Amino acid sequence: MSSIAKPKFLKPDDDYFASERDAQATDNQVTTFVFNAHHSLNIDAQRERLPIRKYRDHILYCLENFQTLVLVGETGCGKSTQVPQFLYEFGWHTKGIIGITEPRRVSAVTLADRVASERGEIVGQTVGVSVRFIDKFSPNTHIKYMTEGILLREMLGDPLLTKYSVIIIDEAHERNTLTDTSLGLLKKIAKKRESLKIIISSATIDAEFFKDFFNFKTKKSPKDTATIISIEGRMHPVETFYLRDPCPDYVQETVNTALKIHKKERNGDILAFLTGQEEVIQAVNLLKDHSEASGRDDLLILPMYGTLPNNDQLKVFFGAPKGIRKIVVATNIAETSITIPGIVFVIDCGFVKLKWFNPESSTDSLVIVPVSKAAAEQRSGRAGRVKPGKVYRLYTEEDFENLPDQTPPEMRRTELCSTVLHLKALGIDNILRFNFPSPPPAKNLLAALETLYALDALDENGDLTQPIGYTLAEMPLDAMMGKMLYVSGQMGCAVEILTIIAMMQVQNVFSKPSTGQGQIKGRVAKRNFEVEEGDLITLLNVYTAFVENGRTKEFCGQNFLIYRNLKRAHELRSQLENLAQNKLGIPMFSCQGDIDVLRKCITAGFFPNAAYLHHSGVYRTIRGNTELSIHPISTLYTLQQPQFVIFCELLQTTQLFMKDLTVIKEEWLTELAPHYYHKTTVRDY
DNA sequence: GAGCACTGC
């Protein structure tokens, strides 16, 4: 990468992004694009122009006088790049590294790059970065960008974060599970280590919440330990429009509104938010029909969602030709993960699709719920980045007033095994009393404790077991997957299990061309790899064939496989193998084609997820007798239904679907998990 | 016949 300190306009064809895309390499991988309105100015002039510049002394003053500082400011005000440099210039680095966490890999990498070039350096000198697969730092590194996962890993080795003088949690308002875990732990550390300063950086108005969380003021010591600084943004005003009456069909209304804007308004691209892929495609098709019928060729209509093939995703970042208006119809991906340049009009359908964990059935559901006020504001903000914009909310003003302030943080609606493992490994004994920013439902915690107990990761006192519990906590894997890897060492099949795990980490290796002819060819190609033992063994087949054929792009092209994702699986596999072999002492043996050993090993890790075929022709879980179906993407979907299966994931949408299936034998359950399944269990097959 | 978005020495 170039080290020259020159202004940089980040655009899709940057080599830099190309390499990062390769490194990331999942099909739903997305690149963050930073729109820089002052890209023609030199770097110093640009820094001077940032709104945050005026707050430099105030920030430094507050950090001297308070342990925690909540920084509120809009995206683009320069918080993420400038605050670490202010601290460095003031000398905070002499007391320890200035650490900044980001929720996404791409953000950490691009910010580190940006700050390094502002300093006329390359990443790895004063400014370092640490994310999975990328580690660039030196003894002189004083500012370090990282993902939240990395900070958590570092806490496992250095529970008081003694290497750091300041920790900045960027984008805290997103409230990911890892953000909330970090915040809870930082609060604990802050009480023990008063010298550690914490900056919580947040885009919305939940500043009071964060301030209260970190305020240790008591009657005895009545001084606030946390304070808030609000930074004025440089966003343009956004005018808001509501519907007079609620609309019956927000997809149709989105289309109508977009066409109305196109007819009435002058220049400016449109961004519409819908909840899922299906709705996006539906709206795009309706718009295209209209555009064709009108006979005018003045609209560029583009879909944007996570599983859209990479080339199609990139299209939204290019400007439309002169005289043509761009309409991007997107899922939530455009709310935080990507920034589309040139947007002036936003259409907000008022709903969002969220994953929700149900502790009674241990299932995840994808549910469509009304957005929160904060999310609606975030969506509106997408209209004011270039010039004054307009947002059209497809609901009434009264509906808006009745929306919840915040979307429930992920911590309150997700499965918690990994969170519990992390906290236990850090010596938090009573998880139920841990100071979460937003405590998860006790039921969810208990479900996680039960699962971990069944996996032998926790003992009857709820303490981490040695070696299983500690080993699982060290693994960058979900608990059941980790257990499977652990057992594979004893069963002599770790070589194959590692491959299966790596392949499951990358979503979707089978490419699905958008043309009709290609779709059929793709399906035929997939069938070549499919085996009746199920999806996991099929993935093993794909990877083995990929490696045997030299891991080439050509092989992937011929077989309708996504090269980027297989390459990523290969990298993940190497990293996991290194960890398993060298750090966790898992012996690396191959089962030499003995598929039964593999299926048994899968059973040993995922035994709670067993289902049997009821005589009614529908599957049921063994532990809860809940009705389930095979997901249509499974290799088993079109085959004769086996009597017993293990699934890796359950997802409630139109039905309760099992995903990532493996065919097993009933007796393996009692053989491999006698504490969980009894031979006497009578089933009504 | 179906897929909100992220992440891990």
Side-chain angles (χ1 to χ4, degrees), chain A residues 24 26-30 32 101-108 130-135 137 146-158 171 174-182 273-281 304-308 330-338 349 351-356 364-369 371 375 378 407 409-410 413-414 418-419 421-422 472-479 481-482 501-502 505-508 510 512 519 523 571-572 575-576 578-580 582-584 629-634 637-638 649 651-655 657-659:
Chain A
Q24 182 103 351
T26 55
D27 192 40
N28 49 10
Q29 189 268 316
V30 157
T32 305
T101 71
E102 295 292 327
R104 281 169 293 282
R105 287 166 37 97
V106 236
S107 324
S130 183
V131 300
R132 195 173 200 178
F133 300 123
I134 302 173
D135 231 339
F137 60 89
M146 64 196 129
T147 42
E148 288 160 350
I150 297 281
L151 183 71
L152 211 66
R153 295 270 146 208
E154 292 198 1
M155 286 188 205
L156 287 176
D158 178 10
E171 314 279 3
E174 286 189 25
R175 304 293 306 274
N176 302 323
T177 303
L178 282 173
T179 323
D180 275 18
T181 309
S182 309
F273 286 99
L274 290 171
T275 71
Q277 176 181 326
E278 206 177 321
E279 289 173 7
V280 168
I281 293 170
M304 181 73 198
Y305 47 84
T307 55
L308 194 69
T331 61
N332 234 19
I333 192 168
E335 199 177 289
T336 49
S337 308
I338 59 158
C349 76
F351 289 89
V352 64
K353 199 182 276 189
L354 289 180
K355 213 177 196 179
W356 214 287
D364 283 320
S365 301
L366 272 181
V367 290
I368 295 175
V369 295
V371 291
Q378 175 78 16
T407 311
E410 193 190 9
R413 47 183 179 85
T414 192
S418 295
T419 302
L421 277 177
H422 286 141
L472 295 199
E474 283 282 315
M475 290 178 177
L477 297 172
D478 290 339
M481 205 130 25
I501 290 174
Q505 302 285 94
V506 300
Q507 291 297 315
N508 194 21
F510 300 104
K512 226 169 78 176
Q519 271 181 4
R523 197 175 303 173
E571 289 167 354
L572 277 164
Q575 189 198 34
L576 286 170
N578 184 25
L579 179 78
N582 301 330
K583 203 166 170 210
L584 305 174
S629 308
I630 295 177
H631 194 280
I633 58 166
S634 171
Y637 187 76
T638 49
E649 197 190 337
L651 191 65
Q652 171 85 51
T653 51
T654 51
Q655 297 174 52
F657 286 117
M658 299 183 276
K659 298 171 91 170

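Just so it is clear: chains get the letters A, B, ... in the order the sequence lines come, proteins before strands, and each one is counted from 1. These figures come from a predicted structure and were not determined experimentally.
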Would you indicate what A:E174 reaches in the nucleic acid, counting non-hydrogen atoms under 4.0 angstrom: base, sugar-phosphate, or nothing?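 Here A:E174 touches no strand at all.
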By the 4.0 Å heavy-atom rule, please label A:I368 as base, sugar-phosphate, or nothing.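 It contacts nothing in the nucleic acid.
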Take A:G149 and A:V352, find for each the nucleotide of DNA chain B with the closest heavy atom, and name the residue whose nucleotide sits nearer the 5' end.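 Per heavy-atom nearest nucleotide, the more 5' residue is A:V352.
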Residue closer to the 5' end of DNA chain B, A:Q575 versus A:R523 (nearest nucleotide):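 Counting from the 5' end, the first nearest nucleotide belongs to A:R523.
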Does a side-chain N or O from A:T654 land closer than 4.0 Å to OP1 or OP2 of B:dG1, or not?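 For B:dG1, OP1/OP2 do not have a side-chain N/O of A:T654 under 4.0 Å.
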Between A:S418 and B:dG8, is there a side-chain N or O to OP1/OP2 distance below 4.0 Å?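 For A:S418, the contact criterion (side-chain N or O under 4.0 Å from OP1 or OP2 of B:dG8) is not met.
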Just to verify, what does A:I281 make a side chain to side chain contact (heavy atoms under 4.5 Å, CB included) with, not counting sequence neighbours?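 Per chain and number, A:I281 pairs via side chain to side chain contact (heavy atoms under 4.5 Å, CB included) with A:Q277, A:N285, A:Y305.
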Nearest whole angstrom, please: distance from the [atom2] of [N] to the [atom1] of [X].
X: A:D364; N: B:dA5; atom1: CG; atom2: P; answer: 15 Å
X: A:L354; N: B:dG3; atom1: CG; atom2: P; answer: 15 Å
X: A:Y305; N: B:dA5; atom1: OH; atom2: C1'; answer: 15 Å
X: A:I134; N: B:dG8; atom1: CD1; atom2: C1'; answer: 14 Å
X: A:Q277; N: B:dG3; atom1: CD; atom2: P; answer: 9 Å
X: A:M155; N: B:dC9; atom1: CE; atom2: P; answer: 13 Å
X: A:M475; N: B:dG8; atom1: CE; atom2: C1'; answer: 13 Å
X: A:R104; N: B:dT7; atom1: CZ; atom2: P; answer: 7 Å

Kindly point out which of [options] is positioned nearest to the side chain of [X]?
X: A:T653; options: B:dG1, B:dG3, B:dG8; value: B:dG3
X: A:R105; options: B:dA5, B:dT7, B:dG3; value: B:dT7
X: A:K583; options: B:dT7, B:dC9, B:dA2; value: B:dC9
X: A:L178; options: B:dC9, B:dG3, B:dT7; value: B:dT7
X: A:D478; options: B:dA2, B:dG8, B:dA5; value: B:dG8

Could you list the residues that satisfy side-chain hydrogen bond (donor to acceptor under 3.5 Å, both in side chains) with A:R132, not counting sequence neighbours?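 For A:R132 the side-chain hydrogen bond (donor to acceptor under 3.5 Å, both in side chains) partners, ignoring immediate neighbours, are A:Q575.
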Any donor-acceptor pair under 3.5 Å linking the side-chain atoms of A:E279 with those of A:T275?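 A pair is found: one side chain offers a donor N or O, the other an acceptor, under 3.5 Å apart.
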With distance as the sole test, does A:Q378 use its side chain to make a donor-acceptor pair with the main-chain N or O of A:E335 at under 3.5 Å?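 Here the side-chain-to-backbone pair exists.
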In this structure, are over 12 heavy atoms from other groups packed under 6.0 Å from A:F657 atom CZ?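 Counting other residues, nucleotides and ligands, CZ of A:F657 exceeds 12 neighbours.
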